[in-house]
Every structure is written in C-alpha cells, then in structure tokens.
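Whatever order the structure lists ligands and atoms in, that order sets their numbers, starting from 1. Side chains are part of it too, since the values below use all heavy atoms of this structure and drop only hydrogens, waters and symmetry mates.
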Amino acid sequence: MERQLGGGLLVLVEGDITLIAADAIGNAANAALAGGGGVDGAIHRVGGPAIMAELRARHPYGTPAGTAVATGAGQLPARWVIHAVGPVWQGGDHGESVQLAGAYLSVMSLAAELGARTLTLPAISAGAYGYPLEDAARIAVGTVAESLRAGAPLERVTFVLYSPRTLAVFERALVAFR
Ligand code: APR
C-alpha cells in the first residue's frame with residue numbers, strides 16, 4: 001500500500017529491512033546502542049562490524065529513548081543506518097507515546113540532515129519492547145505522514161514490516177490517517 005503525502009510517498013511493504021536498498025535504513029536499537037536481537041541483530045549481522053565500531057567510537061554512552069544517531073551502513077544496501085531508540089512499553093502512562101513519536105521524528109530529521117531521499121523504517125518498539133501493535137502503528141504512520149505532509153525533504157519512506165499481521169495493522173493505520 002502507498003500514499004502520497006506532500007512531496008513524499010509513504011509505502012508499506014512486508015519483508016526483511018536488510019534486503020531493501022535505500023539511502024538510509026532505520027534501526028530499532030536500545031539506549032546503550034549495544035546491539036541485540038530483532039531488527040538490531042539483523043542490521044549488525046548483515047551490515048558487519050564496522051557499524052558497531054562506529055557506534056562505540058562516536059556514541060560510547062548511547063542515546064536516550066526518543067532519539068536517534070546515524071552511522072555508515074557497512075555491507076547493507078544503504079549509505080547510512082539511523083539507529084533509533086524506542087520506548088519500552090510500561091503500560092502507557094510513562095510517556096511512551098511521546099517517546100515513540102520522538103524516535104520517528106529524530107529519524108526523519110537526521111535523514112533530512114544527511115540528504116537522504118529514500119528511507120526504510122521498522123516498526124520501532126513493536127517487538128521485544130512490547131508496544132501494543134495497533135498503537136505503535138498509529139503513532140508510526142501518523143508521525144511520518146505528518147512529517148512528510150509538512151514538507152520533510154524525502155521522496156519515499158517505506159515501512160518494512162516483518163509479518164503479514166504487522167503489515168495489515170499498519171495498512172489499517174494508513175487508511176485511517178487523515
Ligand atoms: N526487518 C524488518 N523488521 C524486523 C526484522 C527485519 N529483519 N526483524 C525484526 N523485525 C520487526 C519485529 O518483528 C518488530 O515488528 O521489527 C519490529 C521491532 O522489533 P524489535 O527488533 O524487537 O525492536 P524493539 O521492539 O524496538 O526492541 C528493541 O530489541 O533487538 C533488541 O537491541 C534491540 O534492545 C533493543 C530491543
């Protein structure tokens with residue numbers, strides 16, 4: 001599914017984010033930037049050790065939830081990886097929705113700063129961090145769609161969803177976006 005918003009196209013696909021070429025690939029990292037499983041594990045596995053080496057060198061103290069940092073992309077089909085840190089779900093009254101929106105906004109502004117024209121994104125916090133999928137999708141789609149409509153200088157932003165169920169929930173969120 002896709003939708004034109006401002007000068008950018010918002011696209012939803014099912015797949016493995018490490019296999020899709022883009023100027024910048026979004027990662028769902030942790031605040032320590034220590035690597036892990038899920039999409040973080042896949043990005044470091046496919047991208048190779050140069051990515052972690054750059055994180056250690058440039059961001060030895062990590063980055064807080066709701067923010068993001070950029071590195072090179074190693075062996076991935078991209079120029080940059082933008083490591084975003086989403087919130088751990090704690091029931092919904094610990095500012096999780098603001099932090100999740102902040103993570104996506106940080107990725108969008110870093111991508112713009114870098115001059116990226118195309119960007120892929122995972123469903124941040126919707127895996128190990130336990131964010132309820134419907135809410136995670138609504139915040140993800142709404143934040144990126146509003147940013148594109150407000151003039152973010154990206155031609156295409158693609159959410160790469162890892163299961164048919166996640167894709168379906170994101171599609172419902174995009175259809176509902178006004
Ligand atoms: N491509 C696209 N999406 C993927 C991939 C992949 N290769 N692998 C997993 N996903 C999906 C998951 O199915 C989920 O929908 O990414 C979404 C985010 O899940 P996680 O990767 O678990 O990320 P998150 O919930 O933000 O938790 C982050 O997990 O891997 C650790 O180091 C990471 O501590 C951090 C935490």
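Between R172 and E134, at least one side-chain nitrogen of the basic residue sits less than 4.0 Å from a carboxylate oxygen of the acidic one, meeting the salt-bridge criterion.
Residue, atom and distance of the protein heavy atom nearest to atom 31 (C) of ligand 1 are G37 N, 3.7 Å. Protein heavy atom at the shortest distance from atom 21 (O) of ligand 1 is V39 N, 2.8 Å. Looking from atom 22 (O) of ligand 1 to the surrounding protein, the closest heavy atom is A128 N, 2.9 Å. In this structure, the protein non-hydrogen atom closest to atom 13 (O) of ligand 1 is Y162 CB, 3.6 Å. For atom 7 (N) of ligand 1, the nearest protein heavy atom (residue, atom name, distance) is D16 OD1, 3.0 Å. Protein heavy atom nearest atom 25 (O) of ligand 1, with residue, atom name and distance: G127 N, 2.8 Å.
A ring-centre distance under 6.0 Å is not found for Y129 and W89.
Which parts of ligand 1 touch A28 is read off a 4.0 Å heavy-atom cut-off, strictly below it: atoms 23 (O), 26 (O), 28 (C), 33 (C). For ligand 1, the atoms lying closer than 4.0 Å to a non-hydrogen atom of D40 are 30 (O), 32 (O), 33 (C). Listed by number with element, the atoms of ligand 1 under 4.0 Å from a non-hydrogen atom of A42 are 7 (N).
Ligand 1 has no atom lying under 4.0 Å from any heavy atom of T18. Within the structure, the closest approach of G86 to ligand 1 does not fall below 4.0 Å when heavy atoms are considered.
If you check each of G35, A84, S125, A123 against atom 24 (P) of ligand 1, the one with the closest non-hydrogen atom is S125. Atom 1 (N) of ligand 1 has its nearest heavy-atom neighbour, among N30, I25, I17, I20, in I17.
Separating the OG1 atom in T118 from the CD atom in E155 is a distance of 7.5 Å, to the nearest 0.5 Å.
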